[in-house]
Amino acid sequence: MTMIKFLTDGVLIREMMEDPLLSKYSVIMIDEAHERSISTDILLGLLKKIQRRRPELRLIISSATIEARSMSTFFSNRRKNSLLKPADGLPNPEPAILSVEGRGYTVETHYLEEPVSDYLQAAVNTVLIIHEKEPPGDILVFLTGQDDIDAALKLLNDEIQHLGKHYFDLVILPLYSGLPRGDQDLIFAPTSKGKRKVVISTNIAETSLTLEGVVYVVDSGFSKQKCYNPISDLESLVVAPISKASARQRAGRAGRVRPGKCFRLYTEEYYLNEMQSDGIPEMQRSNLVSCIIQLKALGIDNILGFDWPASPSPEAMIRALEILFSLGILDEDAKLTVPIGFQVAEMPLDPMISKMILSANDFGCSDEILTIAAFLSVQSVWVSMRGVKKEFDEAKLRFAAAEGDHVTFLNIYKGFHQSGKSSQWCYKNFLNHQALKKVIEIRAQLVRVMKRFGIQLKSCDRDMQAVRKAIIAGSFANSCHLEEYGQNGMYKTIRTSQEVYIHPSSVLFRVNPKWVVYQSLVSTDKHYMRNVIAIEPSWLTEAAPHFYQFRTPNPAPH
DNA sequence: GAGCACTGC
């Protein structure tokens, strides 16, 4: 009997840790390979390796037309390094390119005659023209982020007030992942007769969400993209031009129910001659810590020599190796350590968080740390409400701990349990019920992982110093010192003297303790530390003497 | 005074 299994590429990579040749599968199909996510790229590299040992394994790589040629090239040079010759009964090792017609309707593309400098205003104007000139059908507008979307919403509403009655038929809705669940659901609600829905969205509507009823797409030509600098080890989000592949994907969103139209807010000349055909693979825009640990767990020792579909820079690989070494996950020979390294590789979390969990028992607080790790794995437990800022801040203060965000999570968790996991209680406290239920779920899964490792759960009761020390065991590299004579709470990282600030969502925002450790950085207009705790500097040298003792101290401010 | 989008147990 043939079984068909549907899973994500990340899960398949995890299965390879048990069964490196994936011997129970005879055909593997990778969908959406053109999206070039990190796990897709790792998987492609691994499958190419497997094929050398298993020439009978059939691979089907499904990708947008634009990427098919490079995929084919990646898989066809495998014969150079292989002694295998095509044998009878085995598939031809040369990849074939098959073309499968999509189900979409045709989409007519329109370009601007002249480039514009203000794509927000251009988007708003385009929406109004579509509503005036085109037959019924919803409009989907692609912008870059929440700020853009809110600004466009306001512009559009102002224009409508001016233009009058005919334009009141427009139902304008924002869409981005940070939007509360209820507001997101509005997008899917059917519009009443005679109304036209206008959804102003981030990239979420490009691949993650599908909106039925869209006939017109307005494409700004931009999106926010992750970008990584291995020298400073900083990941940031920047507004950048999209690729042709992305532009085509966006246009395709107009042709799902009937022939549609796509209005690109750039010129045809720009599309043909200047736009990159593909985006930069995520692999080349990211911190590689998790990626490298997975390859190590699969027994791939020569990371620098691995045959990637798109090789990351040596600097990025070396940086990741350094971090893993400092955490005690890799040894001097860049092999996984026993047991920490192998255990961390098995945990589906950021290695710094995994390390924190595994160290927690030394401080007798694994119970608390598992809760914290679960909180760190969900987007945000707060319901953001821009309108009722004051009440929101007060709600937050009820849980805020002087130590910082991690300890605040423990307070929220306790309160949620005491309320009987009540959604009413969440509502009153501006907490996201869905997110908190997810926290409980993730925590239970982490408890099972710990059991498998034979690690007992221990609670430290009220000893928050123990909790903070366990956090440092994972995040010691993320330590920062407040610049005393600077203004507005500027910190500098100890490792690289980077200028950073506490994120306004942190309970330590404007509290500005002298020494802090952060969980992650988000870089937009500034580098913001998210999930921050206050520490004593001596705890750093205590936790990681190998990391701190030979480093030059932070230059004294003058 | 701020959050492109995903995934894993």
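Taking V407(A) as the reference, A401(A), E403(A), M464(A) meet the side-chain contact (heavy atoms from CB on, under 4.5 Å) condition, with sequence neighbours excluded. Every residue two or more places apart in sequence or in another chain that forms a side-chain hydrogen bond (donor to acceptor under 3.5 Å, both in side chains) with S506(A) is listed here: D405(A).
At a threshold of 4.0 angstrom between heavy atoms, the contacts of T207(A) with the nucleic acid are absent. V522(A) comes within 4.0 angstrom of no nucleic acid atom, judged by non-hydrogen atoms across all strands. Within 4.0 Å of D393(A), counting heavy atoms only, lies at least one base atom of the nucleic acid.
Following rounding to the nearest Å, L143(A) (CG) and dG3(B) (C1') show an atom-to-atom distance of 16 Å. Nucleotide dC4(B) holds its P atom 12 Å from the CG atom of L175(A), rounded to whole Å. The nearest whole Å value for the distance from the CD atom in E35(A) to the C1' atom in dT7(B) is 12 Å.
Taking the side chain of K224(A) as heavy atoms from C-beta on, and the options dC4(B), dA5(B), dC9(B), the nearest nucleotide is dC4(B). Distances from the side chain of I204(A) to the nucleotides dC9(B), dC4(B), dA5(B) place dA5(B) closest. Among the nucleotides dG8(B), dC6(B), dA2(B), the one closest to any side-chain atom of S208(A) is dC6(B). For E282(A), the side-chain atoms get nearest to dA5(B) when compared with the rest of dA2(B), dA5(B), dG1(B).
For T202(A) (side chain) and I204(A) (main-chain N/O), a donor-acceptor pair under 3.5 Å exists by modelled atom type.
When the side-chain nitrogen and oxygen atoms of T144(A) are compared with OP1 and OP2 of dC4(B), none of them lie within a distance under 4.0 Å. Within the structure, a side-chain polar atom (N or O) of T8(A) is placed less than 4.0 Å from OP1 or OP2 of dG8(B). Distances shorter than 4.0 Å separate some side-chain N or O of T524(A) from OP1 or OP2 on dG3(B).
Comparing Y528(A) and S177(A) against DNA chain B, the residue whose closest nucleotide sits nearer the 5' end is Y528(A).
For R36(A) and D41(A), the salt-bridge test passes: some basic side-chain N is under 4.0 Å from an acidic carboxylate O.
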